[in-house]
Structures are given as structure tokens and as C-alpha cells.
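Letters A, B, ... mirror the listed sequences (proteins, then strands); counts begin at 1.
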Amino acid sequence: MGLELFDSKTQTVREFTPLQPGLVSMYVCGPTVQSAPHLGHLRSALVYDLLRRWLEANGYQVTVVRNVTDIDDKVLVNAAEANRDWQEFALEVESTFNSAHTSLGISEPTRSPRATEHIADMIALVESLISKGHAYQAEDGTANVFFDTSSWPSYGELTNQKLENMEGEVEASFGRRNVNDFALFKAHKPGEPESASWQTPWGMARPGWHIECSAMAKHFLGTEFDIHGGGLDLRFPHHENELAQSSANGDDFANFWFHNALVTIQGQKMSKSLGNGVSVEELLIAGSWAAIRYWLSSAQYRSNLDYTANSLSDAQAALDRIGGFVKRAKLVTSVVKAQLPEGFVRAMNADLNIPAAIAVLHETIRAGNIALDAQEIASVTEHLSEVSAMLDVLGLMLGQPKEFSAELTAKIEKLIGLRSEAKGSKDFAKADQIRAELTDLGVTLEDLPNQTIWSING
RNA sequence: GGUGGAGUGGCUGAGCGGCCCAAAGCAGCAGCCUGCAAAGCUGUCAAACCACGGGUUCAAAUCCCGUCUCCACCUCCA
């Protein structure tokens with residue numbers, strides 16, 4: 001059985017078949033670069049990285065477009081507060097996202113377009129919508145342009161809502177005809193930087209939030225593509241509005257809608273507006289990037305993931321177990337090409353059940369350890385190779401071995417040599433003294449049957 | 001008011017009609033290894049039965065009904 005994914009539009013798990021054999025096109029809503037990323041953003045980025053890896057492991061050529069929303073109310077507000085040029089500010093925040101992604105081992109999207117680079121595409125799309133009777137310039141004559149929700153009977157189809165049940169704006173404002181109509185372009189406001197507005201057929205304006213995704217998805221992926229992803233909190237209004245714009249324009253848009261659940265803290269959503277987001281800096285005090293990645297993988301993507309004080313240390317302990325096996329196994333054998341275990345494949349295909357896949361990883365490690373104890377090298381090789389293949393798919397990093405100076409390495413190895421000699425001549429006092437010396441240097445020794453390996457803590 | 005989702009061992013977290021008297025990890029306990037440790041490994045422990053009360057079924061954590069609690073979205077958010 002092949003890959004099955006939950007499609008949040010139909011609210012069913014469906015077999016995934018790409019529109020074009022062998023190719024997968026995916027659009028992911030990336031960050032609004034208004035402030036530095038927190039754990040929740042990392043989860044979202046990681047989910048799509050894992051999906052991409054699994055698709056690639058299955059032989060698909062995957063095109064991932066992840067946008068950067070670099071023009072938005074909050075970007076302008078936050079930049080102004082920081083007394084910065086908004087474009088510089090946006091670029092800087094974007095780079096903090098990028099470096100966090102890189103550190104987490106998230107591969108770069110095929111394309112990562114910025115909203116401000118596609119104003120022309122957005123204008124074209126809005127003109128098309130106006131000509132089809134689905135959008136209008138503000139009644140008050142400003143450059144505001146709105147989508148006319150009353151012209152689109154399917155509005156609400158993504159989130160299964162009826163227009164009359166929606167709360168909408170308190171009152172029609174800025175020239176809206178209807179409280180649920182949403183902005184496609186926003187007229188330039190006095191006080192906002194000139195640079196934050198563009199010449200449009202309706203006057204100087206900047207794009208609304210939703211139009212960029214419709215325009216850029218079409219630009220890079222065409223009128224129809226396989227998967228549209230983003231955080232659960234984007235389903236409404238953002239994705240609902242994207243769908244309305246694109247489908248009102250006659251485009252088929254996404255075949256699968258994919259929404260990752262959120263990271264919570266004390267049961268509450270982690271969010272910029274609640275101010276309870278755990279920043280990258282705080283995370284790195286609690287654990288390593290590897291631990292963060294492992295922990296973020298530990299719940300299925302549609303389940304909330306609650307961050308607690310122990311989260312990263314638990315993850316690190318699990319990771320150490322994995323790393324310990326790999327390290328020891330590699331002393332007696334090496335990795336060969338291996339098939340992924342059937343249970344692992346089954347778990348990944350079942351709507352990307354990473355925690356179940358990780359369970360298979362641990363089971364394989366246990367079997368590998370047993371083989372290691374029994375000195376059954378062929379079996380160790382097999383298990384090590386399977387583990388390696390699984391780690392590859394999961395993109396799990398095993399605490400990249402730190403580089404130490406040759407000088408330090410030589411010193412440590414010399415001390416270990418002396419200790420071994422002391423042990424050989426049963427001079428345990430001396431051996432223990434050397435071990436204590438190494439402990440002071442932060443070096444942890446591990447005595448294996450015929451050698452001593454070492455690592456440096458922290 | 002509307003639309004979704006969740007409640008599983010000390011913690012995290014899979015399972016969503018029979019293979020479940022419930023995966024995996026962490027923590028706990030014991031043993032192995034060791035000169036002793038550390039680290040590591042192995043085993044084991046754990047839920048008077050999966051929020052509660054009914055029901056359907058030969059069979060339910062898994063389906064249905066009711067109740068309680070919690071979360072998300074309907075305003076910017078991954």
C-alpha cells in the first residue's frame with residue numbers, strides 16, 4: 001500500500017497520487033518575517049521537510065515552494081518600533097529563520113519567493129478577479145481592493161463554514177461591501193513608508209496577506225498542484241481565502257490540503273500574540289539542535305505537541321541511545337545499502353506517522369545491540385544499515401562529532417594510554433587518578449571489551 | 001453561536017473494531033559488563049482495563065448516544 005495522507009479539505013485520509021507521475025509539487029506557507037522564529041515555526045518547517053524527505057525516498061522529484069511574507073502590517077509596525085527600515089528588518093528576520101532551518105537540518109525549499117518580488121503577479125490575478133466579478137475596488141474610492149465573498153457560493157468550503165455563521169469584521173469598513181470581504185490590496189496609508197506601496201491600477205497600495213500565496217503558487221506551480229501546507233492556525237482565514245481567490249479565478253489549486261498541529265505550552269498554543277513562544281535561544285539552553293529535531297518528530301504532525309521542561313532532555317537521552325548504538329556498531333562493521341524495515345515504511349505511509357516509525361527505529365536498535373553483545377557481526381551490519389537508512393529518511397542528526405584540536409586529542413589519547421597501562425599492571429589508584437583528570441577536562445570514558453572510547457560532554 | 005480536534009501508564013506519545021490483558025522513548029527497578037566506577041547493554045515493572053455513563057457487536061481504547069473537561073479557528077499568527 002502506498003502513501004496515504006490526510007486531506008484537511010475533505011477531512012479524510014486519501015491515497016496520495018501526484019497529478020504528474022513521479023513529480024510532486026508542494027506549496028508551503030512560510031513565515032511572516034515580523035519577528036524571530038519560535039518552536040512552533042520550527043515544527044511546521046520540519047513537518048514539510050519530513051514529508052519531502054519521505055516523498056523523495058519514494059522516488060518522487062519534489063518541488064517545494066515556501067514563501068516569505070515580507071510585507072505585512074506587523075512587519076511595518078515592528079520595524080517602525082525598532083526604528084529600522086522595514087525592508088532591512090524583514091531581510092534580517094528572514095535570515096534568522098533561514099539559519100534556524102539550516103541548523104535543524106531542514107533542506108532548503110526549491111524556491112523561496114518573497115511576496116514583494118511578485119507584486120505584478122498579484123496585480124494580474126486581482127485584475128482577473130475583478131473582470132470575473134469576484135473582486136471590487138473599495139466603495140470609498142481608495143485603492144483598497146476586496147474579494148467579494150457574496151459572489152462566491154463555495155466560500156467556506158475549506159473549513160466547512162457557512163458565511164452566515166462567520167463572525168467577520170464588526171462592521172463593513174475601508175469600503176467593504178460585506179463584513180466578510182477580505183483585502184486583496186490595501187491602499188497606502190499616510191505615515192507608512194512610501195517604499196511600502198506599489199503602483200497598481202487602483203492607486204498606490206500594498207498587497208493583502210492572502211493574495212501573495214495564490215499568485216506565487218500559480219507562478220511557480222501552475223493552476224493545479226499536489227499539496228498545500230501550513231500551520232493549522234492558517235486554515236482560516238488565510239487558506240480559505242487563498243482557495244476562494246484561486247478557485248474563483250478558475251484555477252483548480254491544491255489537490256491535498258495539509259495542516260500541521262501546533263506546539264503548545266502548558267496546554268496552550270504557542271504564539272507570537274500570546275508571547276509564550278519559546279525562542280531559539282531558550283531552546284539551545286535546554287538542548288541541542290539534534291534534540292530539538294528529535295523532539296519535534298516525536299508526535300504525529302496532526303497531534304498537538306506540548307513542550308515541557310523535560311522535553312529536550314528526554315529527547316537527548318533517546319538520541320544518545322541511538323547514537324551509542326551507531327558508534328559502537330561502527331567499531332566492528334560499516335554501513336551497507338539496506339532496505340527500510342517494513343514496519344517503518346508502513347508507519348511513514350500511514351499519514352506520516354513518525355512516532356510509530358521511530359518506534360521501529362528503536363526496535364531495530366535493540367535487535368542490533370543484542371547482536372552486538374553476541375558478536376554476530378553480520379546481524380550487526382544489517383541492523384546498523386537499517387538504522388542508518390531510517391535516520392537518513394528522518395534526517396536525524398546524531399550530535400555532529402565536534403572537532404577538537406589535534407593537540408587536545410593527542411593529550412587525551414595519551415592519558416587514556418597511560419591509564420590502560422596502569423590498569424594492565426593493576427595499578428588502579430593511578431588509573432582512577434588519570435580518569436579523574438580526564439573527567440575534569442570534561443572527557444567521559446567508555447571502556448569497551450578491548451578499547452576505550454571517549455567523548456566530551458556539553 | 002458556528003467549525004474542527006483532544007482526554008491512553010509517573011511523564012512524553014502511538015494505536016482508531018479482533019494480531020491490544022495497548023508500540024516506542026524517558027523516568028523507576030533488577031541484572032550483565034567492570035578491579036571499582038562511569039558510560040553502555042539487557043530484562044523487568046507499570047493502566048482493577050484507555051475521561052465518565054449507557055449502547056451496538058461473537059468481539060470496542062477503537063463504532064453510536066449522552067455527560068464532563070480541555071484546546072484550536074471564526075482578528076494577526078506555523
Side-chain angles (χ1 to χ4, degrees), chain A residues 8 11 28-32 34-35 37-48 69 72-74 77 97 156 158-170 180 209 229-238 240 259-264 267-274 277 294-295 298-300 302-311 313-322 324-325 327-328 343 347 350 353-363 365-366 368-370 372-373 423 426-429 431-432 435-436 438-439 444-449 452-455:
Chain A
S8 39
Q11 295 177 42
V28 179
C29 277
T32 299
Q34 50 152 309
S35 55
H38 61 61
L39 200 41
H41 300 104
L42 300 182
R43 179 181 195 189
S44 183
L46 180 60
V47 164
Y48 300 102
T69 302
D72 152 274
D73 295 15
K74 288 254 171 91
V77 169
F97 270 87
L158 181 68
T159 50
N160 196 23
Q161 298 184 91
K162 293 192 171 70
L163 211 42
E164 62 265 29
N165 289 329
M166 293 183 198
E167 290 174 344
E169 296 287 323
V170 180
N180 294 298
W209 179 30
L232 193 56
D233 50 357
L234 297 184
R235 275 176 79 221
F236 193 92
H238 186 52
E240 187 71 73
H259 288 101
N260 60 279
L262 309 172
V263 175
T264 58
Q268 274 219 315
K269 174 186 171 182
M270 193 175 279
S271 74
K272 286 174 184 170
S273 40
L274 289 173
Y294 182 93
W295 180 72
S298 70
Q300 204 263 354
R302 287 199 284 134
S303 298
N304 281 348
L305 185 53
D306 198 56
Y307 182 74
T308 68
N310 293 332
S311 296
S313 55
D314 285 1
Q316 190 60 55
L319 220 39
D320 287 346
R321 181 168 180 270
I322 299 168
F325 167 69
K327 189 164 155 190
R328 271 172 275 113
N353 192 340
I354 310 279
I358 289 178
V360 175
L361 173 68
H362 283 289
E363 282 163 7
I365 285 168
R366 186 187 308 129
N369 277 320
I370 291 169
L372 208 46
D373 277 356
K423 280 176 67 178
K426 308 251 184 225
D427 185 353
F428 297 123
D432 288 351
R435 184 169 61 199
L438 284 163
T439 303
T444 303
L445 299 184
E446 212 176 305
D447 288 332
L448 298 183
T452 298
I453 58 178
W454 59 275
S455 54

S.K.: When rounded to the nearest 0.5 angstrom, what distance separates CG in A:Leu158 from NE2 in A:His238?
M.R.: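 Atom-to-atom, A:Leu158:CG and A:His238:NE2 are 11.0 Å apart.
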S.K.: Looking only at side-chain atoms of A:Met270, point me to the closest of B:rC76, B:rA39, B:rA78.
M.R.: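 Shortest atom-to-atom distance from the side chain points to B:rA78.
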S.K.: More 5' along RNA chain B: A:Phe97 or A:Gln11, using each one's nearest nucleotide?
M.R.: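 Its nearest nucleotide being more 5', the pick is A:Gln11.
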S.K.: Of the nucleotides B:rA78, B:rA14, B:rG4, which has the atom closest to the A:Lys269 side chain?
M.R.: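 The answer is B:rA78.
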S.K.: Counting any heavy atom closer than 4.0 Å, what does A:Asp233 reach on the DNA or RNA strands: base, sugar-phosphate only, or nothing?
M.R.: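 Base, at least one base heavy atom under 4.0 Å.
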S.K.: Looking at every non-hydrogen atom in both residues, tell me the closest pair between A:Gly231 and A:Ser44 and how far apart they are.
M.R.: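 Scanning both residues, the minimum pair turns out to be N-OG, 4.3 Å.
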S.K.: Using the P atom as the reference point in each nucleotide, state the distance between B:rG66 and B:rC71 in Å, no decimals.
M.R.: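 Roughly 22 Å separates the two P atoms.
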S.K.: Return the minimal non-hydrogen interatomic distance between A:Asp306 and A:Trp295, and the atom names on each side.
M.R.: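 What the structure gives for the nearest pair is O-CZ2, 3.3 Å.
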S.K.: Give the rounded distance in Å between these two atoms: CH2 of A:Trp295 and C1' of B:rC11.
M.R.: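 After rounding, the gap between these two atoms is 13 Å.
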S.K.: Applying a 4.0 Å non-hydrogen cut-off, can you work out what A:His259 is touching in the nucleic acid: base, sugar-phosphate, or nothing?
M.R.: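 Since no nucleic acid heavy atom lies under 4.0 Å of A:His259, the category is nothing.
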S.K.: In whole Å, I'd like the distance from the NE2 atom of A:His238 to the P atom of B:rC74.
M.R.: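 Rounded to whole Å, this separation is 13 Å.
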S.K.: For A:Glu446 and A:Ile453, indicate whether the former's side chain and the latter's backbone hold a donor-acceptor pair under 3.5 Å.
M.R.: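 Between the backbone of A:Ile453 and the side chain of A:Glu446 there is no qualifying donor-acceptor contact (under 3.5 Å).
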S.K.: Return a single string for nucleotides 23-35 of chain B, one symbol per nucleotide in 5' to 3' order, where B is base contact, S is sugar-phosphate-only contact and - is none, cutoff 4.0 angstrom on heavy atoms.
M.R.: BSSS--------B
S.K.: Distance check, rounded to the nearest 0.5 Å: A:Trp454 atom CH2 versus A:Thr444 atom OG1?
M.R.: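 A:Trp454 CH2 to A:Thr444 OG1: 10.5 Å, rounded to 0.5 Å.
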S.K.: Base, sugar-phosphate or nothing for A:Gly30? Non-hydrogen atoms, less than 4.0 Å.
M.R.: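 Here A:Gly30 touches the backbone only, sparing every base.
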S.K.: Determine the Euclidean distance between corresponding P atoms of B:rG53 and B:rU62; express it in Å to zero decimal places.
M.R.: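 Approximately 13 Å lies between the P atom of B:rU62 and that of B:rG53.
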S.K.: Name the nucleic acid region contacted by A:Gly324, choosing base, sugar-phosphate or nothing; use a 4.0 angstrom heavy-atom cut-off, strictly under.
M.R.: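 Counting heavy atoms under 4.0 Å across all strands, no contact is made by A:Gly324.
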S.K.: Under 4.0 Å, counting only non-hydrogen atoms across every strand here, what does A:Leu372 touch: a base, just sugar-phosphate, or nothing?
M.R.: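 Result for A:Leu372 = nothing.
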S.K.: Rounded to the nearest angstrom, tell me the gap between atom CD1 in A:Ile453 and atom P in B:rA39.
M.R.: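 Computing the A:Ile453:CD1 to B:rA39:P distance gives 14 Å.
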S.K.: Quick one: stems for RNA chain B, with Watson-Crick or G-U pairs under 3.5 Å, at least three in a row?
M.R.: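 Stems for RNA chain B, defined as runs of 3 or more consecutive pairs: B:1-7 with B:68-74, B:10-12 with B:24-26, B:28-32 with B:40-44, B:51-55 with B:63-67.
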S.K.: Roughly how many Å apart are B:rC49 and B:rG35, using the P atom of each and rounding to a whole number?
M.R.: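 My reading of the P atoms in B:rG35 and B:rC49 gives 48 Å.
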S.K.: Choosing from B:rA14, B:rA78, B:rC41, which nucleotide comes nearest the side chain of A:Thr32?
M.R.: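 Side chain of A:Thr32 sits closest to B:rA78.
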S.K.: Between A:Leu232 (CG) and B:rA78 (C1'), how many Å, whole number?
M.R.: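 Nearest whole value for this atom pair: 10 Å.
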S.K.: Determine: side-chain N/O of A:Ser271 to OP1/OP2 of B:rC76, distance under 4.0 Å, yes or no.
M.R.: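 For A:Ser271, the contact criterion (side-chain N or O under 4.0 Å from OP1 or OP2 of B:rC76) is not met.
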S.K.: Provide the distance between the two P atoms, one in B:rA48 and one in B:rG31, to the nearest whole Å.
M.R.: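 Nearest-Å result for B:rA48 against B:rG31 at atom P: 28 Å.
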S.K.: To check you understand the geometry: which heavy-atom pair defines the closest contact between A:Lys423 and A:Phe428, and what is its length?
M.R.: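 Shortest heavy-atom contact: O-CE2, 4.1 Å.
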S.K.: Over all strands shown, is A:Asp320 touching base, sugar-phosphate only, or nothing at heavy-atom distances under 4.0 angstrom?
M.R.: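 Nothing, no heavy atom under 4.0 Å.
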S.K.: Taking for each residue the nucleotide of RNA chain B bearing the nearest heavy atom, is the 5' side occupied by A:Glu446 or by A:Lys162?
M.R.: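 Closest to the 5' end, via its nearest nucleotide, is A:Lys162.
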S.K.: May I ask you to say what A:Ser303 touches in the nucleic acid, namely base, sugar-phosphate or nothing, with a heavy-atom cut-off under 4.0 Å?
M.R.: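 Sugar-phosphate contact only.
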S.K.: Can you tell me the distance, in whole Å, between the CG atom of A:Leu158 and the P atom of B:rC73?
M.R.: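 From A:Leu158 CG to B:rC73 P: 16 Å.
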S.K.: Between A:His362 and A:Ala359 (side chain of the first, backbone of the second, donor and acceptor by atom type, cut-off under 3.5 Å), is there such a pair?
M.R.: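 Checked: no pair found.
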S.K.: Do any side-chain nitrogens or oxygens of A:Asn165 fall under 4.0 Å of OP1 or OP2 in B:rU3?
M.R.: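 So the side chain of A:Asn165 is outside the cut-off, no N or O lying under 4.0 Å from OP1 or OP2 of B:rU3.
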S.K.: Rounded to whole Å, how long is the line connecting atom CG of A:Leu274 with atom C1' of B:rU75?
M.R.: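 Value for this atom pair: 13 Å.
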S.K.: Find out whether A:Arg435 and A:Leu438 are in side-chain contact, i.e. whether some heavy atom of one side chain is under 4.5 Å from a heavy atom of the other.
M.R.: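 The answer is no; the side chains never approach within 4.5 Å.
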S.K.: Using whole Å, report how far CD of A:Gln268 lies from C1' of B:rA72.
M.R.: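 Those two atoms, CD and C1', are 11 Å apart.
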S.K.: Between atom CZ in A:Arg235 and atom P in B:rU3, what is the gap in whole Å?
M.R.: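 A:Arg235 atom CZ is separated from B:rU3 atom P by 12 Å.
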S.K.: When the P atoms of B:rA61 and B:rC50 are considered, how many whole Å apart are they?
M.R.: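 Comparing P positions in B:rA61 and B:rC50 gives a spacing of 7 Å.
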S.K.: Is A:Glu240 reaching over with its side chain to a backbone N or O of A:Thr159, donor-acceptor style, under 3.5 angstrom?
M.R.: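 Such a contact is found between A:Glu240 side chain and A:Thr159 backbone.
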S.K.: What nucleotide among B:rG43, B:rC74, B:rA78 has an atom nearest to a side-chain atom of A:Ile370?
M.R.: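 Selected nucleotide: B:rG43.
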S.K.: Please check the phosphate of B:rU12 (OP1 and OP2 only) for any side-chain N or O of A:Asn310 closer than 4.0 Å.
M.R.: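 Indeed not, no polar side-chain atom of A:Asn310 lies that close.
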S.K.: Give me the distance, rounded to whole Å, that separates B:rU67 from B:rC73 when you measure between the P atoms they each carry.
M.R.: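 My reading of the P atoms in B:rU67 and B:rC73 gives 25 Å.
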S.K.: To the nearest 0.5 angstrom, please state how far the CG atom of A:Leu46 sits from the NE2 atom of A:His41.
M.R.: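 A:Leu46 CG to A:His41 NE2: 14.5 Å, rounded to 0.5 Å.
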S.K.: Between B:rG4 and A:Asn160, is there an OP1 or OP2 to side-chain N/O distance shorter than 4.0 Å?
M.R.: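 For A:Asn160, the contact criterion (side-chain N or O under 4.0 Å from OP1 or OP2 of B:rG4) is met.
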S.K.: Go through A:Arg328 and A:Asn369 one step at a time and tell me if the side chain to side chain contact (heavy atoms under 4.5 Å, CB included) criterion holds.
M.R.: CA-CA 9 Å; A:Arg328 271 172 275 113; A:Asn369 277 320; 3.3 Å; yes
S.K.: P atom, B:rA14 versus B:rA6: distance in rounded Å?
M.R.: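 Pairwise P distance, B:rA14 against B:rA6, rounds to 11 Å.
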S.K.: In whole angstrom, give me the gap between the C1' atoms of B:rC45 and B:rC11.
M.R.: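 Rounded to whole Å, the distance is 16 Å.
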S.K.: Base, sugar-phosphate, or nothing: which does A:Val263 touch, judged by heavy atoms less than 4.0 Å apart?
M.R.: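 Base contact - A:Val263 has a heavy atom under 4.0 Å of at least one base atom.
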S.K.: To the nearest 0.5 Å, tell me how far A:Cys29 SG sits from A:Asn260 CG.
M.R.: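 CG of A:Asn260 is found 10.5 Å from SG of A:Cys29.
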S.K.: To the nearest 0.5 Å, how far apart are CD in A:Gln34 and NZ in A:Lys272?
M.R.: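 It comes to 4.0 Å.
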S.K.: If you only use heavy atoms from C-beta on, which nucleotide in B:rC76, B:rA14, B:rG43 is closest to the side chain of A:Gln300?
M.R.: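 Closest of the options to the side chain of A:Gln300: B:rA14.
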